[in-house]
Trainee: 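Pasting a structure here, questions to come.
Note that this is a predicted model, so its numbers are computed, not measured. Below, chain A is the first sequence line, B the second, and so on; all start at residue 1.
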Amino acid sequence: MKLPKPIARAVALMSPDARSDRVVPPSGHTAWLTLFTAAAMTFLCVFAIALSLASGRLAGRWSDAMARTSTIRLAAPPAQMDQQTEAILTLLAATPGVDSARALTDEENRALLEPWFGPELPIEELPLPRLIEVTEGDPGYDAEGLRQRLSAEAPGAVLDDHTRWRRPLAEAASKLRLLGLLSIVLIGTAMAAMVTLAASASLEANAQVVRVLRLVGARDQYIARAFVRRFTLRAFAGSCVGAVAGLIGILFLPGADTAGAFLTGLGFTGWSWLLPFILPPLVGLVAFFSTRTAALRKLREFR
Amino acid sequence: MIAFESAAYNYGGGELLSDVTLKLAPGSFHFLTGPSGSGKTTFLKLAYAELLPTAGHVTIFDREVKSLPRDDVANLRRRIGVVHQDVQFLDHLPLAANVQLPLTVAGRRSETGDLGELLKWVGLSHLADALPPSLSGGERQRAALARAIIMGPDVILADEPTGNVDWEMSLRLLTLLVELNRMGKTILIATHDLNLIRQAKNQIPTRVLRISKRRIQLAGVDL
Ligand SMILES: Nc1ncnc2c1ncn2[C@@H]1O[C@H](COP(=O)(O)OP(=O)(O)OP(=O)(O)O)[C@@H](O)[C@H]1O
Ligand SMILES: [Mg+2]
């Protein structure tokens with residue numbers, strides 16, 4: 001099997017026999033800088049990915065299922081309750097943009113209230129409002145018009161229009177996802193920039209070494225390889241640390257039962273647990289190409 | 001091997017070398033003299049393509065240096081052994097590794113016997129494991145000469161190779177260079193040391209180039 005050239009090169013770079021490594025002195029602070037940068041950036045990236053995935057899911061859920069339903073709350077004297085419910089349902093059936101509508105049963109009411117009042121609630125004896133669930137069609141109904149007709153039909157009916165507050169939320173969620181994706185791109189670019197800077201600084205600091213190597217007949221590729229290999233390995237190692245740290249962080253986020261509804265989504269689910277593991281090789285690749293470009297450009301300053 | 005054709009060089013001020021036309025024929029042995037600051041080192045840098053002529057042409061192994069790609073410059077330097085006036089090494093590697101560096105970067109293995117022999121010749125066997133910063137000036141020059149010839153280059157350019165060593169060691173290094181010349185290598189030595197030139201003339205036919213008034217001329221026999 002023949003590997004594509006850049007990949008073959010990257011593989012060759014990782015092989016233990018890289019004699020060119022020794023000709024460059026072990027460098028001090030740029031090594032740590034690269035390691036730390038890669039670790040920190042990967043750590044941030046794990047969260048950015050988690051955030052994008054979660055807000056993506058949230059946006060999907062809110063805009064699809066929930067935003068299509070609204071509720072009408074009907075408060076009426078017990079005697080008129082059934083009659084007014086009937087009237088409202090009839091009205092809704094004739095309203096354009098309403099897909100379907102139904103009154104919640106007592107069991108459903110009980111299920112809604114149970115978390116607050118416990119299971120022994122004598123629901124039949126309470127003057128509870130009746131809830132009517134309206135499923136919107138596409139395009140939706142005219143909320144103002146519906147409100148007016150409702151007040152004529154049943155003065156105690158209130159249209160609780162979920163879409164009013166959920167639509168902006170869904171929009172915010174998808175914007176959040178966009179921001180998350182943008183963060184990932186920015187993090188990647190910033191990392192490439194920092195690794196490039198570190199590699200350039202390292203070449204600068206080793207100017208004498210480079211000069212000697214050129215004078216004894218070393219090709220640019222050879223010199224570059226010594227630097228590139230180092231920075232790639234360092235970035236990869238740092239990224240592994242960052243990815244593991246990020247995953248641990250996500251693992252220790254409160255689960256769905258303990259935290260509020262918004263945060264429940266912020267973990268990974270299913271196959272997306274694998275995403276953080278793609279980061280180290282990706283970071284290595286970014287480091288490889290950015291140091292290679294930096295090194296080959298810098299080397300042109302030496303005859 | 002190396003040919004200058006109306007070549008000139010200036011560092012940005014006035015012209016330092018003007019209208020240099022000469023050939024280093026294969027197997028020749030040249031000395032280059034001239035006052036300090038006259039441009040000997042500059043001439044050598046032109047001869048191994050560290051500098052490009054600002055006018056005229058320099059050809060090395062029949063290739064015009066101005067149009068050489070970087071990798072070809074590297075390849076060309078593997079065939080030219082250079083001893084620099086300000087010798088530089090990789091300070092983190094021991095002397096032996098530094099001497100072998102041209103082989104290392106060319107991806108060639110050295111026979112350890114050759115290295116030992118060479119270090120013995122230049123009197124550095126006992127310092128094979130020493131780091132360059134701990135070497136004396138003369139030791140550095142000898143190490144540089146060893147590094148210059150380990151690849152078996154066709155041309156050897158040496159800038160004041162005996163500048164820091166005693167007369168006895170100078171003669172020893174000269175003998176080494178004369179031997180190499182007898183094997184067919186082309187040699188050019190920049191030096192102030194007229195005694196060294198006289199000594200060489202006793203052993204082998206040499207030509208002496210002198211820089212004066214920005215030109216390079218063949219010096220007479222009156223040295
Ligand atoms: N990089 C440079 N930039 C500007 N001027 C330079 C540079 N290198 C050398 N020069 C000048 O060029 C002139 C010739 O320098 P060069 O080193 O060639 O002289 P040299 O003949 O080797 O002298 P020496 O015998 O002292 O080694 C000197 O006046 C020097 O100051
Ligand atoms: Mg000089």
Trainee: What do you reckon, is CZ of A:Phe302 surrounded by more than 12 foreign heavy atoms closer than 6.0 Å?
Mentor: yes

Trainee: Under the side-chain contact (heavy atoms from CB on, under 4.5 Å) criterion, do B:Val105 and A:Ile223 qualify, and how do the steps go?
Mentor: CA-CA 9 Å; B:Val105 303; A:Ile223 305 172; over 6 Å; no

Trainee: Atom CD in B:Glu50, atom CZ in A:Arg214: separation rounded to 0.5 Å?
Mentor: 10.5 Å

Trainee: Report which part of B:Asp72 has an atom under 4.5 Å of a heavy atom belonging to chain A: side chain, backbone, both, or neither.
Mentor: neither

Trainee: Which distance, rounded to the nearest 0.5 Å, do you find between the OH of A:Tyr222 and the CG of B:Asp71?
Mentor: 14.0 Å

Trainee: Below 4.5 Å from any heavy atom of chain A, which atoms of B:Tyr48 appear? Answer side chain, backbone, both or neither.
Mentor: side chain

Trainee: In terms of heavy-atom proximity below 4.5 Å to chain A, should B:Ala49 be classed as side chain, backbone, both, or neither?
Mentor: both

Trainee: So, do B:Arg147 and A:Val212 sit near enough that their side-chain heavy atoms are less than 4.5 Å apart?
Mentor: yes

Trainee: For B:Ile80, is it the side chain, the backbone, both, or neither that has a heavy atom closer than 4.5 Å to a heavy atom of chain A?
Mentor: neither

Trainee: Has B:Phe61 got more than 12 heavy atoms of other residues, nucleotides or ligands less than 6.0 Å from its CZ?
Mentor: yes

Trainee: Taking everything shown except B:Lys66 itself, do over 12 heavy atoms lie less than 6.0 Å from its NZ?
Mentor: yes

Trainee: Taking B:Leu51, B:Asn75, B:Val73 one by one, which has the highest count of heavy-atom pairs under 4.5 Å against chain A?
Mentor: B:Asn75

Trainee: Take a 6.0 Å sphere around CG of B:Asp62 and say whether it holds more than 12 heavy atoms from other residues, nucleotides or ligands.
Mentor: no

Trainee: Does a side-chain heavy-atom distance below 4.5 Å link A:Arg219 with B:Arg78?
Mentor: yes

Trainee: Looking at every non-hydrogen atom in both residues, tell me the closest pair between B:Ala74 and A:Ala218 and how far apart they are.
Mentor: CB-O, 3.6 Å

Trainee: Answer with side chain, backbone, both or neither: which region of A:Arg300 has an atom nearer than 4.5 Å to a non-hydrogen atom of chain B?
Mentor: both

Trainee: Are B:Met151 and A:Val216 close enough, and set up right, to give a side-chain contact (heavy atoms from CB on, under 4.5 Å), and what steps lead you there?
Mentor: CA-CA 10 Å; B:Met151 286 277 275; A:Val216 299; over 6 Å; no

Trainee: Taking CZ in B:Arg207 as the centre, count heavy atoms belonging to other residues, nucleotides or ligands within less than 6.0 Å. Is the count above 12?
Mentor: no

Trainee: Do A:Leu215 and B:Gln88 have side-chain heavy atoms sitting under 4.5 Å apart?
Mentor: no

